Amino acid sequence: KVMKMILILLTVLCVNQLTAQIPILNTNWYLTQIEENNQIDIVPISVNGTTGGNWRFSIFHTPIPETIQLSSTYCSQFDAAVNITSTDFTIDNEKIILTMNMPCSWMTNEEIQYFGKYYDFFENYRNDIFTYTINNFSSYSELIITNNAGNKAYYSTVPLANIKENELEQFIKVYPNPFKDHFFVED
């Protein structure tokens with residue numbers, strides 16, 4: 001019995017050590033935009049400000065039972081067990097569990113449609129490999145997840161609702177300033 005407990009403890013420690021080296025884990029990532037067929041849709045901000053911009057995504061490790069779980073929440077929630085490496089992940093058992101709390105009384109129609117598009121980003125490609133990259137900047141990190149169709153979901157460690165106007169220039173650049181006939185917007 002003692003040997004079995006030691007073996008379980010060593011297994012948990014080993015898995016924790018291995019997953020600790022995967023940078024996507026155990027961080028709250030906040031959706032900022034979805035790029036589909038080269039068209040960018042920015043997350044709608046709730047008109048009443050209840051949770052505006054806090055479209056949360058996280059992948060976390062649970063030692064008992066031993067799983068790595070993907071979870072994304074914004075009024076409704078979807079979850080899936082995943083297999084993850086330092087560059088990609090797959091959805092385990094090809095299942096995504098959707099908990100529908102729709103419609104939330106405070107959600108606009110635009111937000112409800114956006115949630116459907118966001119859920120489909122994962123659901124329609126759940127049998128495929130999702131790749132990801134993380135870019136670290138001075139005051140935040142950016143996560144970009146790409147599905148098998150080449151569509152991308154962009155996340156930040158800073159929720160959109162918490163970005164002050166003077167910090168917005170870290171995310172979006174408008175130039176030249178001042179401008180005469182035209183200007184450029186870059187994210």
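Note that the structure is predicted; figures quoted are calculated from it, not measured. In this chain, numbering begins with 1 at the start of the sequence shown.
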With side chains defined as the heavy atoms from C-beta onward, is the minimum distance between [X] and [Y] less than 4.5 Å?
{"X": "Ile96", "Y": "Ile91", "result": "yes"}
{"X": "Thr146", "Y": "Tyr125", "result": "no"}
{"X": "Trp29", "Y": "Thr157", "result": "yes"}
{"X": "Phe57", "Y": "Tyr30", "result": "no"}
{"X": "Tyr114", "Y": "Leu31", "result": "yes"}
{"X": "Ile129", "Y": "Asn148", "result": "no"}

Using modelled atom types and a 3.5 Å cut-off, is there a donor and acceptor pairing between side-chain atoms of Asp120 and backbone atoms of Asn124? no
Determine yes or no for a side-chain-to-main-chain donor-acceptor pair under 3.5 angstrom, with Asn83 supplying the side chain and Thr90 the backbone. no
[atom1] of [X] to [atom2] of [Y]: how many Å apart, nearest 0.5 Å?
{"X": "Ser156", "Y": "Ile144", "atom1": "OG", "atom2": "CD1", "result": "11.0 Å"}
{"X": "Asn136", "Y": "Ser141", "atom1": "CG", "atom2": "OG", "result": "3.5 Å"}
{"X": "Ser58", "Y": "Asp79", "atom1": "OG", "atom2": "CG", "result": "8.5 Å"}
{"X": "Tyr155", "Y": "Tyr132", "atom1": "OH", "atom2": "OH", "result": "13.0 Å"}

Tell me if the centroids of the rings in Phe137 and Tyr140 come within less than 6.0 Å of each other.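 Yes, close enough.
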What pairs with Glu123 under side chain to side chain donor-acceptor pair (under 3.5 Å), at least two apart in sequence or on another chain? Tyr119, Arg126
Tell me whether Leu25 shares a hydrophobic cluster with Ile145, the cluster being built from Ile, Leu, Val, Met, Phe, Trp, Tyr side chains joined at under 4.5 Å. yes
Do the side-chain N and O atoms of Thr131 and Asp88 include a donor-acceptor pair separated by under 3.5 angstrom?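 No donor-acceptor contact under 3.5 Å links the two side chains.
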For residues 34-44, which side-chain N or O atoms pair as donor and acceptor with protein atoms under 3.5 Å away, sequence neighbours left out?
residue	atom	partner	partner atom	Å
Glu35	OE1	Tyr154	OH	2.9
Asp41	OD2	Lys117	NZ	2.2

